[in-house]
Amino acid sequence: MGETLILDADQTAAKLPFLRLVAALQREFATGCQTPARHHHTIASKGEPDGTLLLMPAWSNADDDEHFLGVKLVTIMPGNTRRMVPAVVSTYILYSAITGEQLAVMDGNTLTGRRTVATSALAAKYLSREDASELVIAGAGRVGSLIAEAHSSVRAIRRIKVWDINPDHASRLATSLCDRGFSAESTVDLRTAVESADIVSAATLATAPIIRGAWLKPGTHVDLIGAFTPEMREADDDVMRRASIYIDTSVAFEEAGELITPMTNGVITRESILGDLSDLSRRNEFARRNSDQITCFKSVGSGLADLAAAKLVLHPT
């Protein structure tokens, strides 16, 4: 068996340029793979808040030309907050699904962040206006810092406004984007920013809506990344009522408060969701009906996207 490829965060990022990653995701969503339910385990330690071990497996279909098996291992340790170290650490291990040989071990946080925003960019390729140029980023954290580069791989983004619940964080991200060659500025007025945006991308931990449907101009594309539990929401009922909605996978029906709450309240129905990213990727066609249509993409993450990214790390061409 060959030597295992081991990559740290920077090396993992270097293997996942967004143009190639978006294309790799399109291929994987079009063909599909085996993605059993993710596993959650509680880790109890005396004097510590409970930790969590999360396992996300995925493997190639039986008739695929190449056969891979990948597992993402995630530890979530809330007690790390007082220790001033990251609470979430993840590792991705890629194997041969034929021999069981360990092929690569890579930084899971980096892989997750980049595949998350690349998934959104792939959806935006199909759903946002082709002339979309003004981007609003809501949430200036690790994932938010990657949004501009990802969306710029599919649209000619010319202006960026950054909002965060902490204005200093928004200012720092806007400065960083300018240093990377983007035209970006921070704002404390999310409403005004959204009202002029072509694409609104949110990556926050909001538990109450921060984006209002009444703010959206005709033709806006809304990209919802951050809310990943039934109790979390970034967009209000009016967004969901006005928009043509797509999701990454059917798991969103179980995990996304963006869907669960308005469906429970009768604002939308399951039939209001027009398709998922596999549908869009198989057709590989622009899905927007007209320039005034408001579209919304809700993602919760998937083992399929992890596997697509890990395969690209191993075979970058």
Side-chain angles (χ1 to χ4, degrees), residues 25 28-43 50-59 61 70-76 78 88 90 92 108 111-113 115-120 122-123 127 139 143 201-211 222-241 243-282 295-309:
L25 287 167
E28 198 74 29
F29 272 102
T31 58
C33 69
Q34 303 303 306
T35 53
R38 56 190 85 181
H39 303 254
H40 294 79
H41 300 280
T42 299
I43 311 299
D50 285 349
T52 300
L53 172 64
L54 173 66
L55 298 93
M56 293 178 63
W59 56 87
N61 294 319
V71 182
K72 186 163 69 178
L73 306 167
V74 186
T75 57
I76 305 166
V88 180
S90 67
Y92 197 89
L111 180 141
T112 301
R115 67 81 159 147
T116 296
V117 295
T119 298
S120 287
L122 176 60
L127 299 175
V143 172
S201 185
T204 73
L205 298 177
T207 54
I210 58 171
I211 299 168
V222 181
D223 170 41
L224 302 173
I225 298 172
F228 50 85
T229 73
E231 295 75 33
M232 301 172 75
R233 290 190 72 181
E234 295 179 307
D236 72 359
D237 285 353
D238 281 341
V239 171
M240 312 315 284
R241 184 184 293 111
S244 300
I245 307 167
Y246 291 81
I247 56 178
D248 58 346
T249 72
S250 60
V251 176
F253 287 113
E254 304 165 15
E255 297 186 354
E258 243 86 39
L259 304 180
I260 293 169
T261 301
M263 287 175 64
T264 300
N265 296 336
V267 174
I268 60 173
T269 66
R270 195 179 180 100
E271 288 67 40
S272 301
I273 287 69
L274 302 183
D276 60 24
L277 202 46
S278 291
D279 300 323
L280 293 169
S281 295
R282 281 193 292 267
T295 54
C296 177
F297 176 67
K298 175 59 199 166
S299 61
V300 293
S302 69
L304 180 151
D306 288 331
L307 184 63

Q: Could you pull out the closest heavy-atom pair between Leu25 and Ala308, with the gap in Å?
A: CD2-CB, 3.9 Å
Q: Test of understanding: with side chain to side chain contact (heavy atoms under 4.5 Å, CB included), list the residues that count as partners of Thr269, not counting sequence neighbours.
A: Glu271, Ser272
Q: Using the rule given for side-chain contact (heavy atoms from CB on, under 4.5 Å), can you reason through Val251 versus Ser302, listing the C-alpha separation, both sets of side-chain angles and the distance that settles it, and then say yes or no?
A: CA-CA 8 Å; Val251 176; Ser302 69; over 6 Å; no
Q: Quick one: CD1 on Ile76 to CG on Asp50, what's the gap to the nearest 0.5 Å?
A: 12.0 Å
Q: Atom OG1 in Thr261, atom CD1 in Ile268: separation rounded to 0.5 Å?
A: 9.5 Å
Q: Any side-chain heavy atom of Pro57 sitting closer than 4.5 Å to one from His39?
A: yes
Q: Could you tell me the separation between the OG atom of Ser299 and the CD1 atom of Ile247, rounded to the nearest 0.5 Å?
A: 10.5 Å
Q: Output the distance between atom NZ (Lys298) and atom CE (Met240), rounded to the nearest 0.5 Å.
A: 8.5 Å
Q: Any non-hydrogen side-chain atom of Asp276 less than 4.5 Å from a side-chain atom of Phe29?
A: no
Q: What's the separation between atom CE in Met56 and atom OG1 in Thr112, rounded to the nearest 0.5 Å?
A: 7.5 Å
Q: Hydrogens and angles aside, do Ser120 and Asp223 bring a side-chain donor and acceptor to less than 3.5 Å of each other?
A: yes
Q: Quick check: do Thr31 and Cys33 have side-chain heavy atoms less than 4.5 Å from each other?
A: no
Q: Keeping Asp236 on the side-chain end and Val239 on the backbone end, is there a donor-acceptor pair under 3.5 Å?
A: yes
Q: Would you mind reporting whether Tyr92 and Leu307 have side-chain heavy atoms less than 4.5 Å apart?
A: yes
Q: Would Thr204 and Ile210 count as a side-chain contact (heavy atoms from CB on, under 4.5 Å) if you check the C-alpha gap in whole Å, the side-chain angles of each, and the deciding distance to 0.1 Å?
A: CA-CA 9 Å; Thr204 73; Ile210 58 171; 3.9 Å; yes
Q: Taking Ala235's backbone N and O only, do any of them form a donor-acceptor pair with Glu258's side chain (distance below 3.5 Å, no angle check)?
A: yes
Q: Could you pull out the closest heavy-atom pair between Glu234 and Ile225, with the gap in Å?
A: OE1-N, 3.5 Å
Q: Can you see which heavy atom on Pro262 is nearest to which on Asp237, and at what distance?
A: CB-OD1, 3.6 Å
Q: Checking side-chain contact (heavy atoms from CB on, under 4.5 Å) for the pair Phe228/Leu205: CA distance, chi angles, key distance, verdict?
A: CA-CA 8 Å; Phe228 50 85; Leu205 298 177; 3.8 Å; yes
Q: Is any side-chain heavy atom of Tyr246 less than 4.5 Å from a side-chain heavy atom of Asp279?
A: no
Q: Any heavy-atom pair between the side chains of His41 and Leu55 that's under 4.5 Å?
A: yes
Q: Using 0.5 Å steps for rounding, measure from the CG atom of Leu277 to the CZ atom of Phe297.
A: 5.0 Å
Q: Do Thr249 and Leu304 come within less than 4.5 Å of each other through their side chains, counting heavy atoms only?
A: no
Q: State, to 0.1 Å, how close Lys72 and Gly108 come at their nearest heavy-atom pair, and which atoms those are.
A: CD-O, 4.5 Å
Q: Closest heavy-atom contact between Gly303 and Ala58?
A: O-CB, 3.6 Å
Q: Decide yes or no on side-chain contact (heavy atoms from CB on, under 4.5 Å) for Thr207 and Glu231, but give the supporting numbers first.
A: CA-CA 6 Å; Thr207 54; Glu231 295 75 33; 5.7 Å; no
Q: Decide yes or no for Ile245 and Leu259: does some side-chain heavy atom of the first lie under 4.5 Å from some side-chain heavy atom of the second?
A: yes
Q: State, to 0.1 Å, how close Ala305 and Thr119 come at their nearest heavy-atom pair, and which atoms those are.
A: CB-OG1, 4.0 Å
